[in-house]
Amino acid sequence: MLTSLPSFSRLNQLASSDSTSNSNQYPNSNSQGHYSGSNQGYQPVQGQQPLYPQLPGLPNSNQYQGYNGGGGGGGNSGAIQQYGYPQPVPSGPSGYNQPTNQVGPYNAQSTSLYAQQNNYRYPNSTGTQGSTQMQPQQLETVSKDEDPIYGPLGRTRGKIDRALLGDNEISPDLADGLSLPLQSSESYINPPSHATAFKPARITKRTPLPDALHQELNFKHLTAKMGLFEEIERAWFTVDNKLFLWDYSDGRDFSRYDEQNDTIQAVGLVKARKDVFVDEITHVLVICTSSKATLLGLSRPPNSREISLYATNLSVETPTAMVDIKGTSAGRIFTLGANKDLYELDYSSDSSWFFGSSTRVGLHNRSSGSLANWTPGFLASKAKEGIESFALDSQQGRLYTLQTGGEIEMIDVSGANYISKARYTKLKHDLNRNGQGGNVKVVALAIIGGHESKRACLVAIASNGHRVYFATTPSFWPSFSRASLPSQANLPVSAQSFYSSGTFISVQHDNTAPTPQTQLNFAVPNCGRQSALRENMDSYESPAFQEWTTTEVIPSQVWTIVELPSTNPAFSTPSLTRADGIALSPLPRQATTQSREFLVLATSGLFWVSQPRPIDMLQSDLELEKDAAINTVRLQFGKSQLAAMSLQLGATTDLKQADITSAISTILLTSGEPIIKDSTGGKTINYSGRHDGLALIIARYLRPIWNTKVTVPAYGAPGRQLLGVTEGVLLAAQGRLEKLRRYLDEHPFQRYQAEGDAKIAWDQEDMSIHGLEILLKQAVEAISFILLLSDYKLSDIILRTDPQTQQTLSNLTFQNLLTSLDGKDVARRLVTALIEQQIGQELGIDTLSEILQQRCGTFCQPGDVVMYKAEESMRRAEGSRDFGERSESLAESLRLFTRTAGSIPIPRLQEVSKRYRTMQYTVGAIQLPLKTAVDLDPNDKAVDYVGDGEHPADPRKALFEARKQCYEMVIEALGMFDELLDRATQEGNTGSATQKRDEAYALAIASDDELFHFYLYDWHVERGLQEQLLEFDTPYIEQYLKLTINNVEDRRDLLWKFYARREDYLPAAEALSNLATRPSPMVLHDRSYYLAQALTSAKSAASLGSEDVEFTSRLQEQIDVAQVQMEVARGVETHPDMTADDKNEVLAKLNTDLLQLDELYQNFARPLRLYEPILLILKTADTRIDDVCEAVWRQLLGTYRSAGNVAMSEIIVRLCRRYSPSEAAPLDIMVPVVYAEAQGCSGGQAGWATMALLDGGVPLHDLWEATVGLYENSDDEERDYYAEEVSVIASRWIGRKDEIPAAEVERFASAYLLRTNGAPLDDVRRGTRERLTAAKQAAVRY
């Protein structure tokens, strides 16, 4: 048995001086210490030598200084060499024809589909798109009856599938990448940035070897070896016949096994065969000396770091010392002897207990036949040809051997087989064909697992650093090769070189330095090349395989390198592989796995090497150079990958770091915009990087469960079903999703405003993001629901459901559970079964209801529990004849239904509401639908939807429609109580019916749901009861009347009447003014009426102390303009030259709106020659336009010239009375025109025109001055006419002496009489003289 050793003091002769320190961490990636350069690392301490012997086969002299296998540049022979495929070769170890195909160089002159950009070459974007199954994304549409939750979820499901498909496509088969053409300069590239954050591999920690080991080595010893058992987290050491196991994770547990008598030559750890040992023994520890192999049982309890060894009494004599031990997952053990033979160590037991006498162990020589087992080792030839090393692919059941002559053989070891399938014998020749002088040889074989490729199976590592990749199809053949790494030193590559899941570490020992050291050259696949092409350049071509390189230095000799299984893609769960078993690339893996870790065991300690994920690179560099880090990651991995990484950082890191928060915001804001494209199938959309990044990260978090069945059949229990995934997987997925959901709640995406196609694109993106957010919440709650069912014995709950539900559930995946109505229905039935289980066990369900509400309130609708109790209360009420019991049961049912109002399905609500109405339960019939409407839409998104114009594609429409259905139930209840009152009135007994009706309306009106109030008011209007709205005294009626006012006669008066009834006269006046002045088909007469009413209300407001002088003045002006517009309309109606159609067209325009005076003049009065309206416009505008005014007066009077003096006299009187005094009738224009037109009119007594002017209201004095002026400025022919008109004015003056100074009259009369004295007199002059003589006499007397 192993015994634990105490910790001894450290020895001062350790290979590295750092071993004296307990601080073993390397500087972080931001440090400027030893690891900032590509060839720097621990600096060896001068003059010290390790206590350990040199590695087997390591040269001690400078014989390799002239080695030309791959120093310096390393890649002189080209980056890739592709082998031709041979014809099929017969299976078997020997005796078959060797293929003649030789290694051929890659044709560097072949046509390349790649373009150069920033030192990186990308496929041209014009390339074919045939390498993707991803189709363009169509624009989304929302159906009228879409479920507000499962409608968006149904569309979002396709985006998750698309993201998962994209991740599969950027995770290619290794052979596919190696087979694509690549120029020599592209094989290896430096990291994308000089920042240490982008170093593809770096040493992060060093753990000194245990002190107890140093003490053992201080004693005299012959041999010492070391290695790693990563499966059990132990390092092993042998010192002569003693074996030590060291728990390197905590560095404290150091145990020894010393029951071997001879020196231990080799140690191996393999899986234990089934049915040989008890279940606790999981591994077999194989210890080989030079003559015997011993098997020990090893157990390690789950969740424990302790191990135990058990003696098995299983041992076998060996013909030679063993140098290597490997085993399959089934427990087969293969060992390589120092005699270059391959052996299989076989053990079995027929015993059914721990082990017994029937246990057998044997050793079989698989390479030289059974007789070789008995050939003494000292008789074997020292130069024997045989097997140098071997590699075992347990997963695919293959074993590969490397012969001393360079041949490689593939052997089938699946099951119990050992069958040679193929052999390749030309590899050494191929490696040395460029004049290497035979110095280049294969030093190591490494398995290419089925998780990497379905064609490539093996990589042979040459001493010059070249790698040759073998494929199994069409036959076992070296299909590809890669040159040595450019960072290699001028030293041979050793057998400790390592390859695992795409990562290659070239090991070069430098024994020429003062202190031995080892250079590690890393080649890590450039995992972002394909995604960057897709997302940055819209190219779906597959790029060739390319690797990043870097170098680390270990200050001693390296013994072995392993990768920790916990992060090795070779051990990926099915959720992290494609359907064909190929492991996903680091980009999708990083969402659910940590960075890959490697252990390097050297004489100076155990070194921990980390291969950072892309997100680790981003996070580390963001802390140093935000913008540069963002640009680098976007270029290297793609904009959507960058957005996904930023969201993952936001959800998993401490956002108290302002730089990280700012960087995430910058990434999302600069992730591009959605673009609408036209295609043959209609419009398609390319979403922005932030949208696709969100879809990616959600898909990656959901991947472990997305396509997994919720339940699986229970083994050995027909009809029972168990949880399809472990609770640990569900909890891990839920934790990640919940963190992302919280981050998005606290940092919502910014919304953008745009026009045209850009607006459509942003609306589509917002709609899609809304669906993704719904899925995120749905997933968190669905997982909680399943875990809850598991707590309550899922199998028993399922058995309580009907057979159809059980059948549906057995085929239900988590995808369908989350996104389909089938999943919703199954969840509801499971909740019902859970309730019945609790009730059947006489357990309370209130606690269960609370748990469901807290954990998964949206997904599973825990209200079903409460509704179950509510239904019981309602049934009790329906069956009760006692009024008190019935009332109590109804109240209890309403209380319970109200608790779950937001989760009641609309059909169920309609049924419950109908039953309440049947029982005339007023409170339930009104309040339950109203409460449900509010709980369905707690954020009032339906109100915003209405306010934003009710776009048919708006996702909020579904909430609006659901609330409307609730309101309809309230309206049905109100209508029912109205009908009951009508019937009661007819029967003459209205007491009870009136009370119930008033109670129903009071409950409805008391609601604080604005949307319902609008619905209620609309219902009144539809029934012609709009006047009743004026009686409502609610906070919403005024806003409703403002928003719904229209041109229907019985609705447009509601708002101003509402104000008038409350004596709010000023708002009433404003409402009336708005009615009159807004564009509508309202006739002018009604507009004028509303303006007049508005003026009256404004004056009433002024009488109550609420005067608005400016508003009142504006109303008066509007009335005046309306009068002009009406005059124009009358002019159009009576226009003699217009057709009926023309009149109707013009009148329609005039009735649409109140126009401005300028519009009326320019667009109507002037072009239609409406003369009186023109005068009215001039008068109203108080604007004088002489030529217009004169022309209009002449036109108006001229039309009456032929009608005689009576008709003209009447028109003069009417026009003067209407337009004088104003700018429409200035005397200096009007009077000359009247007299001029009057002269051309026949008949009439003397001065009839003057009499008409005076009768029209022209002031006597003004007319006197105007006429006298005309007289004085006229020629002789007109003087007699104007003298006659002056004499008529003078005659009128005799009775109105105060209006004209007497002196003026006397002066004019005297002058006229003197001028005409002695002149011939006709009747006109005689009459003029008589009237002036009388006026003169009156003036003298006055």
List the steps, then state whether side-chain hydrogen bond (donor to acceptor under 3.5 Å, both in side chains) holds for S610 with R202.
CA-CA 6 Å; S610 174; R202 54 180 177 266; 5.9 Å; no
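- Considering all non-hydrogen atoms of both residues, V609 and A201 come closest at CG1-CB, 4.3 Å.
- Residues L775 and I698 have side chains in contact (heavy-atom distance under 4.5 Å, counting atoms from C-beta outward).
- When atom types are taken as modelled, the side chain of S453 and the backbone of L174 share no donor-acceptor pair closer than 3.5 angstrom.
- Taking 4.5 Å as the limit, every side-chain heavy atom of V276 sits out of range of all side-chain heavy atoms of I281.
- Using modelled atom types and a 3.5 Å distance limit, the side chains of D802 and T805 yield a donor-acceptor pair.
- Looking only at distances, no side-chain donor or acceptor of E306 sits under 3.5 Å from a matching main-chain atom of P301.
- Side-chain atoms of L787 and E727, non-hydrogen and from C-beta on, do get closer than 4.5 Å to each other.
- Using modelled atom types, one finds no donor on one side chain facing an acceptor on the other under 3.5 Å when comparing E230 with Y248.
- In this structure, the separation between CD on E781 and CD1 on I786 is 13.0 Å, given to the nearest 0.5 Å.
- Atom CG of residue D161 and atom OG1 of residue T819 lie 8.5 Å apart, to the nearest 0.5 angstrom.
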Could you go step by step and tell me if D250 and D247 meet the side-chain contact (heavy atoms from CB on, under 4.5 Å) rule?
CA-CA 6 Å; D250 58 21; D247 184 347; 3.7 Å; yes
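- The only member of R578, R534, R162 that meets salt bridge (Lys or Arg N to Asp or Glu O under 4.0 Å) when paired with E169 is R534.
- Within a 6.0 Å sphere centred on NZ of K777, other residues, nucleotides and ligands contribute 12 heavy atoms or fewer.
- Considering only heavy atoms from C-beta on, L285 stays 4.5 Å or farther from L295 through its side chain.
- Relative orientation of the H747 and Y743 rings is parallel, given thresholds of 30° and 60° on the angle between their planes.
- Residue L642 holds its CG atom at 11.5 Å from CG of L696, rounded to the nearest 0.5 Å.
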Go through the steps to decide whether T567 and Q594 satisfy the test side-chain hydrogen bond (donor to acceptor under 3.5 Å, both in side chains), and finish with yes or no.
CA-CA 7 Å; T567 56; Q594 296 301 313; over 6 Å; no
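- With salt bridges taken as basic N to acidic carboxylate O contacts below 4.0 Å, one links D825 and R829.
- Pairing each heavy atom of V831 with each of F785, the nearest pair is CG2-CE1, 3.5 Å.
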Go through V725 and V710 one step at a time and tell me if the side-chain contact (heavy atoms from CB on, under 4.5 Å) criterion holds.
CA-CA 7 Å; V725 293; V710 178; over 6 Å; no
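- Within the 4.5 Å cutoff, side-chain heavy atoms of S572 are placed close to those of R589.
- A donor atom on one side chain and an acceptor atom on the other are not found under 3.5 Å apart for S566 and N568.
- For the residue pair L722 and S795, the shortest heavy atom distance occurs at CD2-OG, 3.3 Å.
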For W246 and T207, what are the C-alpha separation, side-chain angles and deciding distance, and is it a side-chain contact (heavy atoms from CB on, under 4.5 Å)?
CA-CA 12 Å; W246 173 48; T207 302; 3.7 Å; yes
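- The neighbour count for K739 NZ, taken as heavy atoms of other residues, nucleotides or ligands under 6.0 Å away, does not exceed 12.
- Among residue pairs with one or both ends in residues 695-708, those qualifying as salt bridge (Lys or Arg N to Asp or Glu O under 4.0 Å) are D167-R700; sequence neighbours excluded.
- Put simply, the side chain of Q721 never gets that close to the backbone of P713: no donor and acceptor are under 3.5 Å apart.
- In this structure, R455 does not pair ionically with D173, as no charged nitrogen and carboxylate oxygen lie closer than 4.0 Å.
- Comment: D253 engages R234 in a salt bridge, judged by a side-chain N to carboxylate O separation of less than 4.0 angstrom.
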E738 and R742: CA distance, side-chain angles, deciding distance, salt bridge (charged side-chain N to carboxylate O under 4.0 Å, His left out) verdict
CA-CA 6 Å; E738 174 60 17; R742 267 196 244 116; 3.3 Å; yes
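- Looking at E280 and S308, their side chains never come closer than 4.5 Å, going by heavy atoms from C-beta outward.
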Verdict with reasoning, D147 to K824, per salt bridge (charged side-chain N to carboxylate O under 4.0 Å, His left out)
CA-CA 12 Å; D147 186 286; K824 176 183 179 182; 3.7 Å; yes
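- R596 places a side-chain N or O within donor-acceptor distance of the main-chain N or O of S501, the cut-off being under 3.5 Å.
- Remark: R273 is positioned above the aromatic ring of Y347, its terminal NZ or CZ atom under 6.0 angstrom from the ring centre and at most 45 degrees off the axis.
- At a cut-off of 3.5 Å, with distance as the only test, no side-chain donor of R736 or T592 sits close to an acceptor on the other residue.
- The main-chain N or O of I797 is never found under 3.5 Å from a side-chain atom of T801 such that the two would form a donor-acceptor pair.
- Using a cutoff of 4.0 Å between basic side-chain nitrogens and carboxylate oxygens, D791 and R855 are scored as salt-bridged.
- A distance of 9.5 Å separates CD1 in I615 from CG in L647, rounded to the nearest 0.5 Å.
- At a threshold of 4.0 Å, the pair R741-D745 counts as salt-bridged, since one of the basic side-chain nitrogens sits closer than that to a carboxylate oxygen.
- Between the side chains of E563 and S500, at least one donor N or O sits under 3.5 Å from an acceptor N or O.
- Note that the CG atom of L153 and the CD atom of Q815 stand 11.0 Å from one another [nearest 0.5 Å].
- Looking at H451 and F571, their side chains never come closer than 4.5 Å, going by heavy atoms from C-beta outward.
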Using the side-chain hydrogen bond (donor to acceptor under 3.5 Å, both in side chains) rule, take D796 and Q837 through it: C-alpha gap first, then chi angles, then the decisive distance, then the call.
CA-CA 8 Å; D796 293 344; Q837 181 196 62; 4.8 Å; no
Does R613 form a salt bridge (charged side-chain N to carboxylate O under 4.0 Å, His left out) with D616? I'd like the steps, not just the answer.
CA-CA 5 Å; R613 304 167 297 171; D616 300 324; 2.9 Å; yes
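- P588 approaches L584 most closely through the heavy-atom pair CG-CB, 3.7 Å.
- No side-chain N or O of Q619 forms a donor-acceptor pair with one of T653 less than 3.5 Å apart.
- Contact check for V286 versus L269: no side-chain heavy atoms found under the 4.5 Å cut-off.
- Residue L818 holds its CG atom at 6.5 Å from CG of L702, rounded to the nearest 0.5 Å.
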As a quick check of understanding, evaluate side-chain contact (heavy atoms from CB on, under 4.5 Å) for V524 and Q611, giving each step before the final call.
CA-CA 8 Å; V524 177; Q611 184 176 309; 3.6 Å; yes
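- In plain terms, the two heavy atoms of K271 and T328 that are nearest each other are CB-O, 3.8 Å.
- Remark: the backbone N or O of V780 is paired with a side-chain donor or acceptor of S784 at under 3.5 angstrom.
- Although no hydrogens or angles enter the test, the distance criterion places a donor-acceptor pair under 3.5 Å between the side chain of S171 and the main chain of S585.
- Contact record, V413 with R332: O-NH1, 2.9 Å, taken as the closest heavy-atom pair.
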